[in-house]
Q: 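Have a look at this one before I ask anything.
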Amino acid sequence: MALEASLPKTYDPQAVEKKWYDFWEENGFFSQTVDLGKKPFSIVMPPPNVTGVLHLGHAMDNAQQDVLARFKRMQGYNTLWLPGTDHAGIATEAKVTEQLAREGTSREEIGREGFMERAWAWKREYGGNITGQLRRLGASCDWSRERFTMDEGCSAAVRRVFASLYERGLIYRGNYIINWCSKCLTTISDIEVEHVEKPGHLWHIRYPAADQDVGEGLAGAARGFAGVVVATTRPETMLGDVAVAVHPDDERYQHLIGKHVILPLMNRKIPVIADAYVDSSFGTGAVKITPAHDPNDYDMGLRHGLEQISILDDAGCINESGGPYGGLSGQEARRRVVADLEALGLLEGVEDHDHAVGQCYRCGTVVEPRVSRQWFVRMAPLAEPAMEAVKQGRIEFVPDRFARIYLGWLENIRDWCISRQLWWGHRIPVWYCQECGAEICGVEDPSSCPQCRGARLEQDKDVLDTWFSSALWPFSTMGWPLETEELQQFYPTSVLVTGRDIIFFWVARMIFMGLEFMGDAPFDKVMIHGLILDREGQKMSKTLGNGIDPLEVIDRYGADTLRFMLLTGNTPGNDLRFYAEKLDATRNFLNKIWNASRFGLMHLEDFEPAGGERLSSDCLSLADRWILSRYEGIAEEVTRRLEDFDLGEAGRLLYEFVWNELCDWYIEMAKPRLYGRGVRSGESVAAETTETTGMSESQETGEAAETSESPEAAMGTARTVLYTVLEGSLRLLHPFLPFLTEEIWQHLPHEGETVMLRPWPQPAGFRDEKLEKDMEALIEVIRAIRNIRSDYGVAPSRKIKAALFCADAGVRDLMRGASADIELMAGCDDMTVLDDLANKPEQAAGAALDGIQVFVPLRGLLDLDKERLKIEKELAAAGEEEKRLAGKLKNPGFVNKAPAEVVAGEREKLAAVQKRLELLRQRLLTIDKADILQPVDQG
RNA sequence: GGGCAAUUAGCUCAGUUGGUUAGAGCGCAUGCCUCACAUGCAUGAGGUCGAGGGUUCGAAUCCCCCAUUGCCCACCA
């Protein structure tokens, strides 16, 4: 009593979450030492940005990882979940830069060294935020192994990998066309460019033939000029044009190939070249070629040996190569160029044209393709094995459709631009000798030039793409390049859990780096989840302002509610909508568990958990055996689902089991015994009662036969079963609801320090599918009776008596004590009683179930109109059913080809329906004839 | 231009290899403050499973086509 009284009626997460998290962490329950004798399970956490804040995406991602980690830990695996954070080059640099601006200073002013100091200070100040937030979520990761992508070890791994790839020619430096963000002031890789379809224009511009005088007198006389009309979406880039291209077979332009035209505004003579890349059917069939600012033109420029004229500066403005337009912004230059062309009469037309504009994925600024000298990773040799690993099943995507996305990307992969014009990051480990020009790359900082012995060395100014260090995460965090025992036990990791948005950024790159440097894939499985959407199905984003802060949710509902909500209600890989009603429903579920446990505690205060061996089946009631069977069935199914990474289904199964089966049925059925009222179903009788004739001939005389065991013994058994199922369910729920389950479990009698280290439930042989089917039938019967009660408005306080006729004695036995509001009539299995009731439909309401008939004497409760309506309804339904069945049985296809037992079954059903129709018609008649009804007996 | 997902009750979603009567939560209706829980209990109403073909004795489920929505990829200027 004291225990249950100490628990409030509703679960209060705020009161317990911190307590248990600290308890777990301080006792080292999350930490794992290497033990090569145990089977390993390992996950590396996708490192969140060190300066970031937890959003719902993180919450879901980490909740999923936590479920797996806790599940595997309970299963006895040596489980490592390794956390850490990412230095997030551009994002962090932008934040620090902003901070400097607020202080009235700047990057340039404080210099590289000063900036790095500020960035590290920023990291020290805010880096703990997100890890603290992960703790609030309940993440059971091993914080003693927390890593940071720029810590010493990870940096050493970066150096080693870079040097190795460099030595083998897999990293090279060169002038290529790259993507430039003029706001972030750095290059970005191809996948960091987002293509957004936008309405734009296609301008048709005439480039006059070069043999005509295009001097100063161009204006006003343009109409007379021949030449060629090109179509472009970016007219300002013409300032950097070096050619016009047409398809070699295009008849319209044969006469121009090899000739020259004049580039208007710049008055440059440029050739007309033939290249099969050009699509004759698009635009005018003639393309202006700007090798310095368009990837296709760049390639074509290489093919034809064309000059690259760069016309943009770092800020995206026209540079001195743009002649009179120098200094203008891109936008402004476009306006002026178009206006000037129009004035010259060279603008032949403008049409609307949607086209994809590349934007920086971080800041949304339009990305300009530029030719620039950068560092690249040669992808072809690395991509090949990475594709093989997935094709051969070495790495498995869950759901597997994501494997195709991965493979598709790698098939068409281009070299990876890894240099960034930033300061915050891993500086490229290459030095240039200022004396002889040698390029030096090494794991150690060089002190002098190995070629000329000169000491004037200057390190490359750029840093590496953040994803370069992320790509090494699965092994750099475990100590590579040292041969650590962590690597030995935990690499390859078991599964990577992440969102589909970073398959390219991260997953693919980890795979090829792992294969290259560890000789094995970094993980066996990749579990991909979707995004969190708002209630309308919109992506949550900062710009839309529809984001929800997971910490506010935790404050209000608790971490477990948030977790469970994020983990259930959808299928793997699909997006998940997030809205308040779902949270409420989940909170109610937690409260249900809470109260079921309070009920349990009332009855288990001085209970000794001696173990399951006390549960031998001969002292169990049918209800006991049923719930134990269901519990084991659920445990098995949940285990299977978790092993298949179907967390949503596992959670749903637990929800339904706990609420519907444990709470709504078992606890209700066990109450009489738990309260010492001693009603106990007669399983001993059931064991003897055969299923021979369908109607038991034994003389069951009500409750006398039921109490073959003392109320005390019955209570003891019920308590043991209740404990077994409740405690076991808490263990099954623990991966989903760590805080709630720990809090309850600690109140229950228990062995061990914490539920999180208890063994995962194992089957103990209570599964009995026949019994489960019987119980299902019983539930149907009880529903039918309650339905009758509801239809006739029987007061809830009044017990309802029912007669139950069924072929199966087991079901009838289950019925005893199954429901507090229903009891079986004495002698109700007597055939004569059945006939009697069936023949007096005005005195009894009935329901026919599969092989079972139920009657409830009405005892004067009959409401004639209601009954009549109901029968009419039933008649209509039965009529329909008869039509359907009769039609089916007339179908020769069905009769001849379906299995004989199916056909026979249908025939039986038809017969039953016809019989029922007849019965209903008679009852209707009787009712119509009845004047006043006499109660059957006095209840 | 390709590819992927989704389309099932008023809303949000399940539905395992084709097989009795298609499920849940929320919402709704009716009745209940029954000694674990009103964040609850009981009962009920509500579905031509996006449209159209096909395979099959039998299709929400397999095949084809179409439509709508969302997402990803793509160097048609």
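These figures come from a predicted structure and were not determined experimentally.
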Q: Counting any heavy atom closer than 4.0 Å, what does A:Asp501 reach on the DNA or RNA strands: base, sugar-phosphate only, or nothing?
A: nothing

Q: Please give, in whole Å, the distance from B:C71 C1' to A:Leu533 CG?
A: 10 Å

Q: Within the side chain of A:Lys582, is there an N or O that forms a donor-acceptor pair under 3.5 Å with the backbone of A:Arg577?
A: yes

Q: Could you check whether A:Arg640 pairs with A:Glu649 (Lys NZ or Arg NE/NH1/NH2 to Asp/Glu carboxylate O, under 4.0 Å)?
A: no

Q: In residues 640-656 of chain A, which ones come under 4.0 Å of RNA chain B, going by heavy atoms?
A: A:Arg641, A:Glu649, A:Arg652, A:Tyr655, A:Glu656

Q: On a whole-Å scale, what distance lies between the P atoms belonging to B:U8 and B:A51?
A: 10 Å

Q: Please give, in whole Å, the distance from B:C37 P to A:Asp12 CG?
A: 18 Å

Q: Please report, rounded to the nearest Å, how far the C1' atom of B:G70 is from the CG atom of A:Leu576.
A: 15 Å

Q: Please evaluate residues A:Asp241 and A:Tyr207 with respect to the criterion side chain to side chain donor-acceptor pair (under 3.5 Å), reporting the C-alpha separation (whole Å), side-chain torsions for both, the decisive distance (0.1 Å), and the verdict.
A: CA-CA 11 Å; A:Asp241 280 4; A:Tyr207 287 13; 2.6 Å; yes

Q: Give a yes or no on whether the backbone of A:His247 and the side-chain of A:Ser280 come within a donor-acceptor separation of less than 3.5 Å.
A: no

Q: Distance between the P atoms of B:C71 and B:A24, in whole angstroms?
A: 32 Å

Q: Only one of A:Thr232, A:Thr237, A:Leu239, A:Thr233 forms a side-chain contact (heavy atoms from CB on, under 4.5 Å) with A:Pro235, so which one is it?
A: A:Thr232

Q: Please report, rounded to the nearest Å, how far the P atom of B:G25 is from the CG atom of A:Leu566.
A: 21 Å

Q: Please report the distance separating the P of B:U20 from the corresponding atom of B:C64, rounded so that it comes out in whole Å.
A: 25 Å

Q: Without decimals, in angstroms, what is the distance between A:Asp400 CG and B:C4 P?
A: 13 Å

Q: For A:Ile188, does its backbone N or O pair with a side-chain atom of A:Asn179 as donor and acceptor, under 3.5 Å?
A: yes

Q: Among the nucleotides B:A14, B:G40, B:C4, which one has an atom lying closest to any side-chain atom of A:Arg404?
A: B:C4

Q: For the pair A:Asp560 (side chain) and A:Leu740 (backbone), establish whether a donor and an acceptor sit closer than 3.5 Å, ignoring hydrogens and angles.
A: yes

Q: Which whole number of Å gives the distance between the C1' atom of B:C26 and that of B:U17?
A: 32 Å

Q: Kindly say whether A:Asn591 contributes a backbone atom to a donor-acceptor pair with the side chain of A:Asn595 at under 3.5 angstrom?
A: yes

Q: If I take atom CE in residue A:Met602 and atom C1' in nucleotide B:C37, what distance separates them, rounded to the nearest angstrom?
A: 12 Å

Q: Please report the distance, rounded to the nearest Å, between CZ in A:Arg786 and P in B:C41.
A: 12 Å

Q: Classify A:Ser597 by what it touches in the nucleic acid, base, sugar-phosphate, or nothing, heavy-atom distance under 4.0 Å.
A: nothing

Q: NA contact type, A:Trp659, heavy-atom cut-off 4.0 Å: base, sugar-phosphate, or nothing?
A: sugar-phosphate

Q: C1' atom, B:U21 versus B:C49: distance in rounded Å?
A: 15 Å

Q: Give a yes or no on this: more than 12 heavy atoms of other residues, nucleotides or ligands lie within 6.0 Å of atom CZ of A:Arg303.
A: yes

Q: In whole Å, measure the gap between the C1' atoms of B:C41 and B:G52 for me.
A: 46 Å

Q: Determine, for A:Arg652 against A:Asp646, whether the closest basic-nitrogen to carboxylate-oxygen distance falls under 4.0 angstrom.
A: no

Q: Return yes if some donor-acceptor pair links the side-chain N/O of A:Asn546 with the main-chain N/O of A:Lys539 below 3.5 Å, else return no.
A: yes

Q: Find the runs of at least 3 consecutive base pairs, i with j, i+1 with j-1 and so on, that include RNA chain B, using Watson-Crick or G-U wobble geometry with both distances under 3.5 Å.
A: B:1-7 with B:67-73, B:10-13 with B:23-26, B:28-32 with B:40-44, B:52-54 with B:62-64

Q: If I pick the P atom on B:U68 and the same atom on B:A29, what distance separates them, to the nearest angstrom?
A: 37 Å

Q: Any base atoms under 4.0 Å from A:Lys9, or only sugar-phosphate, or nothing? Heavy atoms, all strands.
A: sugar-phosphate

Q: Is it the case that the ring center of A:Phe589 lies less than 6.0 angstrom away from the ring center of A:Phe736?
A: no

Q: Starting at the 5' end of RNA chain B, which residue's closest nucleotide do you reach first, A:Phe589 or A:Ile667?
A: A:Ile667

Q: Could you tell me the separation between the NE2 atom of A:His529 and the C1' atom of B:C71, rounded to a whole number of Å?
A: 15 Å

Q: Can you check whether A:Val350's main-chain N or O pairs, donor with acceptor, with A:His204's side chain at less than 3.5 Å?
A: no

Q: Return the nearest nucleotide to the side chain of A:Arg577; candidates are B:U43, B:U12, B:C37.
A: B:U12

Q: Rounding to an integer number of angstrom, what distance separates B:A60 and B:G19 when you compare their P atoms?
A: 9 Å

Q: Find which nucleotide of RNA chain B each of A:Arg783 and A:Thr10 is nearest to by heavy atoms, and output the residue with the more 5' nucleotide.
A: A:Thr10

Q: Treat primed atoms plus P, OP1 and OP2 as sugar-phosphate and everything else as base, then score nucleotides 72-77 of chain B 5' to 3': B for base contact with protein heavy atoms under 4.0 Å, S for sugar-phosphate contact only, - for none.
A: SS-BBB

